[in-house]
Amino acid sequence: MQPGAVATDLVATEEFPVTERRLLIIILAAGKGTRMLSAQPKVLHSIAGRSLLGHVMAAAAGAGAVRTAVVIGPGMDDVQAEALRHDSQAAIFVQNDQLGTADAVRAARSAIAEMGDSGEIVVLFGDTPLMSAATISKAVAALRSGSDSAVVGFEAADPTGYGRLITSAEGQLLAIREHKEASAAERAVRLCNSGVVAFRASGFLAVLDAIGNANAKGEFYLTDAIEIGRQHGRTASVVIATETEVLGINDRGQLAEAEAVFQRARRLAMMAAGVTLVAPETVYFGHDTVIGADTVVEPFVVFGPGVTVGQGVTIRSFTHLVGHDAKAKQGAAIGDKVELGPYARIRPGAVLGDGVHVGNFVEVKNATLEAGAKANHLSYIGDARVGAGANIGAGTITCNYDGFNKHKTDIGAGAFIGSNSALVAPVKIGDGAIIGAGSVIARDVAADALAVTRAPHDERANWASRFRQMMSRKKAAKS
Ligand code: UD1
Ligand code: MG
């Protein structure tokens, strides 16, 4: 794609009344993230099962962005696809050479121009995943209450490397000084630029175009928009965020740090909502995990994305639940008063009705277990329906895959599947049927029938003792 090319059609300006196209959010994601030492672009790395870009786009949507523009590097088709997966209306722009943050914003020029003289523009970094919608909204609110620009700042424990917010005695923001350009006095300032900057759209392009690159890095700094803006008669203010919220991801250590911050917050929110976490620090949530009140989560439980859990559920230790993975988007839903684990594995498409028991070493994938069904030990239930109250014996396997296609197993209400049975799909077991233990069932079984495919019982009286005597004699004769 050409630099500045638009991958998705921008909706014609006339289609948006002025009041409805107020907030354009531009997300800068052109950086490859070389310090990640990764084959995939930095913004595609995940926190709580969602890409960094996905987190930032969710915050943008939460802040009320009417239009989201994502600036990517050349050839970053996977980043473009991820952006469009989150927002099919996102406008994708390519910045060919990374000449600085102002140059990256210029790549989205047509989206800015489309704003005309109304609305606001917020610039976010694609590698700052914990930025909240609330903080972005505060920056927008600062514009709506009169500032022409607003910068999200924070008090850095160690400000080295950050742009410093230079303020007047009255608290007006005068300039952002990048670390390399800062004087000793300016470097003593601990109030830093998070990277999130909001601009009133009117007059912004003129400011953006006036930014040069005569600085230590030879880059076009977006931060210069504050000082240049003042020369254009524009005012600027600061909105404060916490340092954890503005944490930027440059390496795997910071990725883990952001994950830890996210998980800590999520655990507190879960407990505040009435969920018992016996050992919160050992439980990991997906970004979208939903759990009802009075559910107890024992230590060492991991939730991937796309899982909802009802009320009064017990999830025992070492249970692993994932609703979405790279292929499947259908989610996993656990009803009320379900008992899971220890060591249960819940995969995409698992739907467990109220009162279901899924015990140790049981894997459920793309299968519905209706109310009160039980699979307590050592089973694989995939591509199946298990009717209400059915009992799946230990070691039961639904043989859903023939090497080419997946097939469905349908087990009726109240059926009893004896231990160590193989149900070769496609196959239907009628309501109330009983399958003898150890059976391989490849044909449908009628309701209330018994089906057994076991080899006949063959018993020979005293055979074992005679065998032992014979073997002992043979061994004695040899020595
Ligand atoms: C930037 C800010 C600094 C702030 C800091 C916070 C500028 C000039 N400086 O510095 O004030 O304290 O972030 O972390 O804005 N990017 C592009 N194209 C480019 C350059 C950057 O897309 O040509 C993207 C990067 O992928 C990244 C973001 O913009 O997501 C920030 O760029 P980076 O080089 O990390 O800026 P900093 O030096 O950290
Ligand atoms: Mg940076």
Side-chain angles (χ1 to χ4, degrees), residues 3-4 25-36 38 41-45 51-53 55-57 60 69-76 79-80 83 92-108 122-131 135 149 151-166 173 175-182 186-187 189-199 208 211-228 236 238 241-251 254-255 258:
I25 293 195
I26 303 173
I27 300 173
L28 306 190
K32 285 196 188 68
T34 43
R35 278 164 59 198
M36 298 293 281
S38 176
K42 175 165 70 173
V43 295
L44 296 187
H45 285 261
S51 67
L52 304 184
L53 181 61
H55 282 275
V56 177
M57 291 188 74
V70 181
V71 179
I72 64 176
M76 288 187 170
V79 178
Q80 168 167 340
I92 312 293
F93 297 92
V94 176
Q95 182 195 23
N96 248 6
D97 301 304
Q98 283 191 52
L99 303 178
T101 45
D103 181 68
V105 171
R106 281 175 189 162
V122 172
V123 178
L124 304 177
F125 291 166
D127 64 356
T128 308
L130 304 178
M131 176 56 59
T135 299
S149 310
V151 174
V152 176
F154 67 103
E155 288 282 339
D158 173 10
T160 311
Y162 289 114
R164 308 300 206 281
L165 301 187
I166 310 302
L173 179 61
I176 305 176
R177 194 76 68 227
E178 290 304 304
H179 184 86
K180 286 201 168 163
E181 276 74 40
E186 287 168 337
R187 284 187 181 183
V189 172
R190 284 183 46 219
L191 186 62
C192 291
N193 173 25
S194 69
V196 175
V197 192
F199 301 98
L208 187 65
I211 294 173
N213 65 347
N215 54 49
K217 282 185 166 176
E219 283 187 4
F220 296 91
Y221 291 159
L222 181 63
T223 44
D224 284 350
I226 300 302
E227 209 165 10
I228 293 171
V238 181
T242 61
E243 187 162 9
T244 48
E245 190 178 347
V246 302
L247 183 65
I249 312 299
N250 299 304
D251 57 37
Q254 288 168 333
L255 182 68

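All values below come from the heavy atoms of this structure, side chains included, with hydrogens, waters and symmetry mates left out. Just so you know, residue 1 is the first one in the sequence shown, and it goes up from there. Remember, it's 1-based here, ligands and their atoms both numbered in the order they're listed.
Against a heavy-atom cut-off of under 4.0 Å, Y221 is close to the following atoms of ligand 1: 8 (C). Remark: ligand 1 atoms within the under-4.0 Å shell around heavy atoms of L28 are 22 (O), 24 (C), 29 (O), 30 (O). Within the listing of ligand 1, atoms 3 (C), 4 (C), 11 (O), 12 (O) sit less than 4.0 angstrom from a heavy atom of G163. Of all atoms in ligand 1, listed by their number and element, those nearer than 4.0 Å to a heavy atom of A104 are 17 (C), 18 (N), 22 (O). Each of the following atoms of ligand 1 lies closer than 4.0 Å to a heavy atom of D127: 30 (O). Every atom of ligand 1 is numbered from 1 in the order shown, and the set under 4.0 Å from a heavy atom of K217 is 38 (O). Applying the 4.0 Å criterion to heavy atoms of L99 picks out, from ligand 1, the atoms 23 (O).
In this structure, the protein non-hydrogen atom closest to atom 4 (C) of ligand 1 is N193 O, 3.2 Å. Closest protein heavy atom to atom 17 (C) of ligand 1: Q95 OE1, 3.6 Å. At the shortest separation from atom 14 (O) of ligand 1 among protein heavy atoms lies Y162 CE2, 3.7 Å. In terms of protein heavy atoms, atom 1 (C) of ligand 1 is closest to F125 CE1, 3.8 Å.
When distances from atom 39 (O) of ligand 1 to the protein are checked, no heavy atom turns up under 4.0 Å. Under the 4.0 angstrom criterion, atom 23 (O) of ligand 1 counts as having a protein heavy-atom contact. Distance check for atom 9 (N) of ligand 1: a protein heavy atom is found below 4.0 Å. In this structure, atom 36 (O) of ligand 1 has no protein heavy-atom contact shorter than 4.0 Å. For atom 12 (O) of ligand 1, the nearest protein heavy atom lies under 4.0 Å away.
At least one heavy atom of S194 sits closer than 4.0 Å to an atom of ligand 1. Taking 4.0 Å as the cut-off, T223 counts as a neighbour of ligand 1 on heavy-atom distance.
Residues H55 and P129 share a closest heavy-atom pair of CB-O, 3.4 Å. In terms of heavy atoms, V94 sits closest to A107 at O-CB, 4.1 Å.
For the side chain to side chain contact (heavy atoms under 4.5 Å, CB included) criterion with T223, the lone passing option out of N193, N215, V151 is N193. Just one residue in the list T128, L130, L52 forms a side chain to side chain contact (heavy atoms under 4.5 Å, CB included) with I249, and that residue is L52.
Among the atoms of G195, none of the N or O lies under 3.5 angstrom from an N or O of ligand 1. Taking distance alone, with nitrogen or oxygen atoms compared against 3.5 Å, E178 approaches ligand 1 more closely than that limit. Residue contacts with ligand 1: V71 is placed with no nitrogen or oxygen under 3.5 Å of a nitrogen or oxygen of the ligand (distance criterion only). Polar contact with ligand 1: present for T101 (N/O pair, distance under 3.5 Å).
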Legend entry - side-chain contact (heavy atoms from CB on, under 4.5 Å) assessment of E155 paired with E243: CA-CA 7 Å; E155 288 282 339; E243 187 162 9; over 6 Å; no
Inset, instruction - For I176 and R164, run side-chain contact (heavy atoms from CB on, under 4.5 Å): C-alpha distance rounded to whole Å, both residues' side-chain angles, the deciding distance at 0.1 Å, then the answer. - result: CA-CA 5 Å; I176 305 176; R164 308 300 206 281; over 6 Å; no
Inset, instruction - Apply side-chain contact (heavy atoms from CB on, under 4.5 Å) to the pair T101 and E219, showing each step before the final yes or no. - result: CA-CA 8 Å; T101 45; E219 283 187 4; 5.9 Å; no
Inset, instruction - Go through the steps to decide whether D127 and V56 satisfy the test side-chain contact (heavy atoms from CB on, under 4.5 Å), and finish with yes or no. - result: CA-CA 8 Å; D127 64 356; V56 177; over 6 Å; no
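Within the model, atoms CZ of R177 and CG of L165 stand 11.5 Å from one another, a figure rounded to the nearest 0.5 Å. The CD1 atom of I211 sits 9.0 Å away from atom CD1 of I226, with the distance rounded to the nearest 0.5 Å.
Of the candidates G31, A225, C192, the one placing a heavy atom closest to atom 25 (C) of ligand 1 is G31. Of the listed options G161, G100, G153, G100 places a heavy atom closest to atom 19 (C) of ligand 1.
Of the charged side-chain nitrogens involved, none lies within less than 4.0 Å of a carboxylate oxygen, so that E181 and K217 do not count as a salt-bridged pair.
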